[in-house]
Amino acid sequence: MDARLRFRICITALAAVFIIGTVGYMLVSDASMGDAAFMTVITLSTVGYGETIPLDPSGRIWTVVVIVLGVGVVSLAYASMLTLFVGGEIRTALGRSKVQAKIDQLHGHIILC
C-alpha cells in the first residue's frame, strides 16, 4: 500500500476515534462538547491529567475503550507519518510534481528517442 494512502487512512481513523470518543463521553457522562473533546484528547495522547469530568463505572469503561482503540490508531498514524517523511516519499512526490509542471509548460516540442 502506498505510504500516502496509508497516512490518509490513519488520519481518517484518528479523526473517527476522536469524534466517537467525544460523542461517547458526551453520552456516558453528560459532559459538554468541549469537556468531552478535552477528555478524549488527553486520553488519546496518554497525557493523563486525570479525570476532567466525573466518571462513573460506565464512563471508566468507555475510557478503557478509547485508550485501547485510540492509542493503537495514534501509534499507526505516527508510524505512517514517520515512514512518509523519513522514507523520502514526500520529496519524491514533490519532485515528481515539479517535473510534471515543467513538462506541462512545454508546447510545440518534438522529442526524439
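Numbers here are sequence positions counted from 1. No experiment lies behind these values; they were computed from the predicted model shown.
- Both Ile11 and Tyr78 belong to a common hydrophobic cluster when Ile, Leu, Val, Met, Phe, Trp and Tyr are linked at side-chain heavy-atom distances under 4.5 angstrom.
- For the residue pair Met33 and Met26, the shortest heavy atom distance occurs at CA-SD, 3.8 Å.
- Of the residues Ile67, Val66, Val71, the one that meets the side chain to side chain contact (heavy atoms under 4.5 Å, CB included) test with Leu44 is Val66.
- Nearest heavy atom pair, residue Leu14 against residue Ala77, reads CD2-CB, 4.5 Å.
- Leu55 and Ile42 fall within the same hydrophobic cluster, defined by Ile, Leu, Val, Met, Phe, Trp and Tyr side-chain heavy atoms under 4.5 Å apart, directly or through other members.
- Scanning for side-chain hydrogen bond (donor to acceptor under 3.5 Å, both in side chains) contacts around Ser58 gives Asp56, with sequence neighbours left out.
- Side-chain contact between Phe38 and Ile53 is absent, with no heavy-atom pair separated by less than 4.5 Å.
- For Asp35, the side-chain hydrogen bond (donor to acceptor under 3.5 Å, both in side chains) criterion is met by Ser32, not counting sequence neighbours.
- Residues Val28 and Leu69 are members of one and the same hydrophobic cluster, defined by side-chain heavy-atom contacts under 4.5 angstrom among Ile, Leu, Val, Met, Phe, Trp and Tyr.
- Using a 4.5 Å cut-off on side-chain heavy atoms (C-beta onward), Thr22 and Met39 make no contact.
- Without hydrogens or angle criteria, Trp62 side chain to Gly21 main chain gives a donor-acceptor distance under 3.5 Å.
- Every residue two or more places apart in sequence or in another chain was checked for a side-chain hydrogen bond (donor to acceptor under 3.5 Å, both in side chains) with Ser29, and none qualifies.
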**Request:** Applying side-chain contact (heavy atoms from CB on, under 4.5 Å), run through Thr43 and Tyr25 and close with a yes or a no.
**Result:** CA-CA 11 Å; Thr43 302; Tyr25 279 120; 3.6 Å; yes
